[in-house]
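Here is the structure we will look at, set down as structure tokens.
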Amino acid sequence: MSYVDEVIAQVVEKNPAEPEFHQAVKEVLESLRPVVEQNEELYRREAILERIVNPERQIKFRVPWVDDKGQVQVNTGYRVQFNSAIGPYKGGLRLHPSVNLGIIKFLGFEQIFKNSLTGLPIGGGKGGSDFDPKGKSDREVMAFCQSFMTELYKYIGADTDVPAGDIGTGAREIGYMFGQYKRIKGVYEGVLTGKGLSYGGSLARTEATGYGLLYFVAEMLKTNGKDLKGKTVAVSGAGNVAIYAIQKAQQLGAKPVTCSDSTGWIYDPEGIDVALLKEVKEVKRARLSEYAAARKSAEYHEKKDSNDHGVWNIKCDVALPCATQNELNLDDAKALVANGCFAVAEGANMPTTPDATEYLQKNGILFAPGKASNAGGVATSALEMSQNSERLSWTFEEVDGKLKGIMENIFHNLDDAAKRYGHEGDYVVGANIAGFEKVVNAMLAQGVC
Ligand code: NDP
Ligand code: 2IT
């Protein structure tokens with residue numbers, strides 16, 4: 001059995017009931033085959049693959065809090081500190097009822113390579129809880145966040161591990177967590193990113209993942225002789241990533257016509273009204289049906305079941321999945337190809353199933369994997385860390401300009417890596433190899449640790 005296959009088998013055996021983690025490990029290790037074959041003796045002796053698939057540390061803890069009725073609720077908190085070869089652990093906190101250890105491990109594993117691709121000194125980590133902020137009062141969210149941080153603070157710090165937002169964790173949650181960290185530790189430091197602008201946040205961090213996705217897409221299209229002007233874009237999700245992806249797509253001359261949330265989706269052939277979408281999702285925290293109620297051109301479709309990914313049936317040139325993992329399956333991929341879509345770029349983490357990815361690539365679709373195309377969020381988090389360290393704030397234009405440069409660099413690095421190993425145009429292989437190379441060099445230099 002090859003070294004790659006041996007390690008994949010070990011991961012499946014030793015981490016039962018973690019299908020998303022298996023999926024992420026398989027995708028990465030499969031595409032590293034050419035690199036591993038060239039260095040097999042060294043990697044085996046140094047147990048590089050065994051080390052890279054085993055988190056340095058995983059923390060699981062109880063999060064008790066009191067709801068508005070006086071009832072004590074108990075959630076489970078997680079932080080997986082996956083790999084610190086190139087910098088302090090860095091990665092978001094997901095608050096969603098579907099969170100379990102396997103989900104956090106898949107996200108933490110992906111984060112190692114994503115963070116490496118940014119070219120900035122950040123290691124890989126991820127955390128979160130099965131707490132659902134939806135339908136909770138601000139006081140309940142604060143009670144949860146304070147309890148969560150009362151345990152998490154022991155393991156994080158500006159030079160050790162710097163969490164941030166992800167699904168369900170936005171500016172409100174980061175604010176409550178930062179306040180609690182400061183109160184317990186008595187230290188004012190950049191321990192979280194995605195902070196509010198009045199207490200150490202960076203301009204453009206809110207926009208960064210969505211904007212970065214579009215900067216990446218623009219560069220990928222340009223290299224392939226295409227552009228975004230006048231193109232129809234299908235987007236899923238209606239959260240942080242989706243909203244700013246839609247906004248930047250419009251600024252670049254494209255027309256995004258869809259978005260979705262966990263209960264339904266919108267088709268707006270005249271183009272999504274971003275101001276209205278922000279009002280519904282960011283201010284009112286309401287359902288997308290309210291968007292349709294306020295806009296004549298929009299159709300609202302109730303989601304039939306969890307497999308109903310209606311947005312991918314809308315005719316588009318470019319598709320941007322920006323909601324959650326495995327939200328674009330083989331049937332969706334077939335519908336996109338049949339409708340003439342020519343590029344798919346992942347704003348979410350692992351939104352495309354492996355068979356859908358394969359189908360898209362085999363049919364000549366330009367496919368951008370999330371660990372490259374959504375890296376703008378964490379890259380800008382690293383820029384927030386830099387600003388906190390030097391106790392200065394940069395202008396929006398400065399941060400946005402750096403973000404654009406970082407995304408263009410990421411594209412060319414993975415394009416080059418794919419070419420070096422004879423996989424021209426396969427950006428999945430390119431991203432995994434380019435992300436892996438830097439981490440492995442650092443691991444080898446640091447000895448057995
Ligand atoms: P948000 O919580 O802001 O938005 C998530 C959106 O996706 C919401 O519209 C939500 O619907 C929808 N959604 C979430 N889970 C499901 C589900 N199980 N089924 C259907 N719809 C769902 O999160 P973000 O926009 O921050 O994150 C979206 C994706 O992007 C995630 O995969 C995340 O890991 C990834 N990502 C985020 C980054 C960031 O900086 N925030 C950086 C890089 C990647 P509803 O409104 O009903 O909750
Ligand atoms: O998946 C991701 O890259 C994020 N949720 C952002 C992480 C960060 O530290 O900004």
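Atoms within each ligand, like the ligands themselves, are counted from 1 in listed order. The chain is numbered in sequence order, starting from 1.
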### Query
Does Thr263 come within less than 4.0 Å of ligand 1, judged by its heavy atoms?
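So Thr263 does not count as touching ligand 1.
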
Subset of ligand 1 atoms that lie under 4.0 Å from at least one heavy atom of [X]:
{"X": "Ser260", "result": "9 (O)"}
{"X": "Lys303", "result": "19 (N), 20 (C)"}
{"X": "Lys134", "result": "45 (P), 47 (O), 48 (O)"}
{"X": "Arg94", "result": "31 (C), 32 (O), 33 (C), 34 (O)"}
{"X": "Cys322", "result": "28 (C), 29 (C)"}
{"X": "Lys281", "result": "46 (O)"}

## Note on the structure
atom 17 (C) of ligand 1: of Asn240, Asn349, Thr324, the nearest heavy atom sits on Thr324

### Message
Quick test of your reading of the structure: of Gly165, Ala242, Ala323, Ala164, whose heavy atom lies closest to atom 13 (N) of ligand 1?
### Response
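The residue whose heavy atom sits nearest atom 13 (N) of ligand 1 is Ala323.
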
### Query
Once you round to the nearest 0.5 Å, how far does CD1 of Ile103 lie from CD1 of Ile167?
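Separation between the atoms: 9.0 Å.
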
### Task
With rounding to the nearest 0.5 Å, note down the distance linking CG in Leu414 to OG in Ser373.
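If we round to the nearest 0.5 Å, Leu414:CG and Ser373:OG are 9.0 Å apart.
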
### Message
At under 4.0 Å between heavy atoms, is it the side chain or the backbone of Asn349 that contacts ligand 2, or both, or neither?
### Response
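Only the side chain of Asn349 comes within reach of ligand 2.
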
### Message
Asn374 versus ligand 2: do any nitrogen or oxygen atoms come within less than 3.5 Å of each other?
### Response
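No, since none of the N or O atoms of Asn374 sits under 3.5 Å from an N or O of ligand 2.
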
### Task
Test Glu290 against Arg285 for salt bridge (Lys or Arg N to Asp or Glu O under 4.0 Å), laying out the working first.
CA-CA 10 Å; Glu290 291 207 17; Arg285 298 180 188 273; over 6 Å; no

### Query
Any nitrogen or oxygen of Lys114, main chain or side chain, under 3.5 Å from a nitrogen or oxygen of ligand 1?
no

### Query
Would you say Arg205 and ligand 1 have an N/O pair spaced under 3.5 Å apart?
yes

### Summary
Near Ala164 (heavy-atom distance under 4.0 Å), the atoms of ligand 2 are 8 (C), 9 (O), 10 (O)

### Task
Give a yes or no on whether a salt bridge exists between Lys231 and Asp317, defined as a side-chain N under 4.0 angstrom from a carboxylate O.
no

### Task
Measure the distances from the heavy atoms of Pro163 to every atom of ligand 2 and state whether one is below 4.0 angstrom.
no

### Query
For atom 33 (C) of ligand 1, what's the nearest protein heavy atom and its distance?
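Checking every protein heavy atom, the shortest distance to atom 33 (C) of ligand 1 gives Asp166 OD1, 3.2 Å.
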
